[in-house]
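Inspection log for the structure reproduced underneath, given as structure tokens.
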Amino acid sequence: MNEKEVMNLLNSIDDDLVDKKIDELMSKKGEVINMGRIKSRAVDKLNEQGSRKRKIGKKPVIAAAVAATLLISAVAVNAAEISKAIKSFFNKSAVYSTVVDGDAFYLPEEVKLNDDLTLVNFSVSKDRAMMMVRSSEQLDDKGFEGLNIAVVPKNDAKTTYAVSGYMPVDNGECHFLLMNDTKNDMSVTPFKDFTLTIAGGSYDISLAKAESVNVDDLVVGKSGAEADDSDTQNTELIANVAGKAEAKDGKTNIQLVAGFDDPDLKLRALGKSVLTEFKHGFENRENDSIGYSSSSAVNPILAYDADNNPYTLEIPEDSVGNPATLFETDAAHGTGLTVKLPSISVGYNRIIENLTLEIPREGEIAVNKELDFIIQKAKVTSVKRISENTAVVEFELNTGNDKTVSIIDMGTYSSNVKQGDTVINGNKATMTITFDKDIEEARFSFSWPTYSIQGNWAIELDGAK
Amino acid sequence: MELTDLQIAKNIKNGDIPTYEYIIEKYSKQVYYLAYNILHISCAKEDMEECTADVFLEAWVNIGRFNPKKGSFKTWLFMLTKYKALEYKRKLSKHQTVNIDDLRIEDTENIEKQLISRQDQEKVASVINGFNDVDKELFIRRYFYNERINDLMVSLNLTRSAVDNRLLRGRKLIKEVFSYE
């Protein structure tokens with residue numbers, strides 16, 4: 001057997017077998033490969049490349065809304081007693097693989113619109129309407145924009161919903177986020193039947209009502225489950241997490257639900273972010289604006305059985321809707337599991353703060369202005385002119401009393417600044433802005449911010465019934 | 001769900017982040033191990049992790065240069081790894097002379113992936129498992145990563161004949177599994 005034959009042979013072995021060999025070899029050397037850190041750095045480097053710019057379209061004021069929503073991502077209270085925690089889980093609906101507030105309607109099966117286009121999914125709930133379309137042609141960005149989508153509810157013919165942002169995925173499919181074109185904002189009133197106009201055609205679509213989440217089925221998580229987490233243990237959290245186990249194909253599926261004291265607070269993702277540094281930016285171009293945010297990728301959520309064996313909560317391949325709250329595990333049906341959820345990310349879906357900043361002609365000025373991010377506080381500390389067209393704004397974040405809440409995306413936007421790029425690392429944020437050289441003040445809005453809430457929750461689920 | 005090389009290339013060209021994360025999860029270990037073998041003497045662990053992360057970014061940025069007709073995506077990734085690791089080695093060895101031979105990358109194209117049953121793959125893995133530690137490492141680095149004999153001699157502190165004999169012994173054992181001529 002010659003060398004080439006052996007090379008061909010070894011390169012034909014499945015990667016998991018090769019990985020095992022590598023593990024063994026590294027273990028002999030006393031080395032452990034930190035896959036999590038490598039992935040985190042690789043994702044970070046990609047973000048630095050600015051590769052996650054997404055088209056926002058012609059409505060720049062809601063750039064942060066689109067960026068926050070379209071980013072997709074990849075866990076004890078006495079149940080008999082109605083508590084504040086349980087109340088936060090009232091009035092929610094399970095739609096596809098996520099949970100939303102209030103009533104919701106969704107498309108139960110794909111609808112083939114014509115030879116080229118298929119409506120893959122559609123869901124609508126309060127202030128949230130999303131859809132996915134598949135085209136048999138390989139559409140590019142312009143192609144998807146050219147579909148000229150409009151949605152008019154049958155019970156409200158005066159309101160039109162149009163596309164506020166979109167994100168193509170593979171197989172000729174594209175996610176669309178809808179906005180209220182009549183009011184020029186993101187307000188949505190749920191509807192069951194509507195007329196869809198797309199690519200010049202008009203179609204009547206009827207949705208199904210989503211099932212309400214039954215609070216009686218939920219097990220509320222206990223926070224501060226990590227022994228060294230005094231911050232969480234000594235704080236009354238503004239977020240609650242609950243879960244329930246469901247049987248599917250002999251395995252245990254887990255539905256997680258988040259509830260908040262503030263009904264305006266929305267869940268962005270379950271789990272701890274893989275990143276420790278977060279980037280957000282915007283750019284005002286001639287005809288539109290674009291925005292980007294750091295990956296919302298999170299570390300896997302784990303659950304443990306009575307023998308402390310770990311099971312990963314996996315997002316199903318056919319998952320629809322975000323954030324994903326329905327997970328699969330390899331645990332056999334009937335296995336009691338404790339889900340460990342270190343943190344979640346949440347946000348508000350609106351503008352929450354405004355700021356006008358003087359831009360010095362030269363040098364640096366101290367500012368010391370407090371910003372109210374509702375569940376957390378921040379402070380603008382200084383503005384420094386670094387060139388004719390650029391300046392750096394420094395922020396101190398998380399200056400409020402609640403140490404379990406960290407701002408990870410301020411959702412900064414400005415209509416009179418060309419471009420802004422913000423980096424958040426821990427309690428510091430630095431924003432670099434580019435503008436016309438004659439600018440004297442920059443006007444900012446902070447909209448659709450994102451926060452991380454560290455709860456270190458443990459949700460103890462009995463075996464799925 | 002497994003992605004083919006063509007799907008990986010197409011998705012990355014379309015800016016598909018989940019595919020980027022997919023290749024990281026799938027190939028991190030193998031890329032890291034290759035980078036480790038080139039860098040572990042002169043670099044800290046953080047540098048090797050950084051190098052590994054840089055390889056995936058390189059794959060993203062330069063995906064247009066991947067030609068599926070010339071070889072597998074994995075092989076192309078290993079090529080990028082070697083270049084990137086040597087770049088790191090050069091940067092960190094500013095005041096040392098780097099062997100010009102290090103700068104030559106052996107042609108790893110034209111490696112043919114065969115369809116081998118899982119059972120046979122496990123047989124091969126089991127045979128390799130039976131090797132002693134040095135032979136195991138030697139075999140994988142030579143035949144999976146196509147590392148040069150000279151590099152392996154230096155890295156494992158073996159003479160040329162020792163390397164040749166060990167590899168020959170390994171090939172014979174594999175041959176017995178498949179009854180190759």
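Below, all heavy atoms of this structure are taken into account, side chains as well, without hydrogens, waters or symmetry copies. Below, chain A is the first sequence line, B the second, and so on; all start at residue 1. Please read these numbers as outputs of a predicted model, since none were measured by experiment.
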Can you say whether [X] sits under 4.5 Å from chain B via the side chain, the backbone, both, or neither, judging by heavy atoms?
| X | result |
| --- | --- |
| A/Lys39 | both |
| A/Arg41 | both |
| A/Lys29 | side chain |

Distance from [X] atom [atom1] to [Y] atom [atom2], nearest 0.5 Å?
| X | Y | atom1 | atom2 | result |
| --- | --- | --- | --- | --- |
| A/Leu25 | B/Ile140 | CG | CD1 | 4.5 Å |
| B/Lys29 | A/Met35 | NZ | CE | 5.5 Å |
| B/Glu25 | A/Ile38 | CD | CD1 | 12.0 Å |
| A/Asp44 | B/Glu50 | CG | CD | 9.0 Å |
| B/Tyr36 | A/Ile22 | OH | CD1 | 12.5 Å |
| B/Tyr32 | A/Glu31 | OH | CD | 5.5 Å |

query: Who wins among B/Val31, B/Asn129, B/Val55 for the most heavy-atom pairs under 4.5 Å with chain A?
result: B/Asn129

- prompt: Where do B/Tyr143 and A/Leu10 come nearest, in terms of heavy atoms and distance?
  reply: CB-CD2, 3.7 Å

message: To check you understand the geometry: which heavy-atom pair defines the closest contact between B/Ala53 and A/Lys45, and what is its length?
response: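 Of all heavy-atom pairs spanning B/Ala53 and A/Lys45, the closest is CB-CE, 3.7 Å.
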
Is [Y] close to [X] at the side-chain level, that is, under 4.5 Å between some pair of heavy atoms?
| X | Y | result |
| --- | --- | --- |
| B/Glu49 | A/Ile33 | no |
| A/Lys28 | B/Glu137 | no |
| A/Leu46 | B/Phe56 | no |

task: Please answer whether the main-chain N or O of A/Val32 pairs with a side-chain N or O of B/Lys45 as donor and acceptor at a distance below 3.5 Å.
output: yes

B/Gln30 side chain vs A/Val18 backbone, donor-acceptor pair below 3.5 Å: no

message: Please check if the number of heavy atoms outside A/Asp16 that lie under 6.0 Å from its CG is greater than 12.
response: yes

CG (B/Asn62) with more than 12 external heavy atoms under 6.0 Å: yes

- prompt: Checking B/Leu168 against chain A: side chain, backbone, both or neither under 4.5 Å from a heavy atom?
  reply: neither

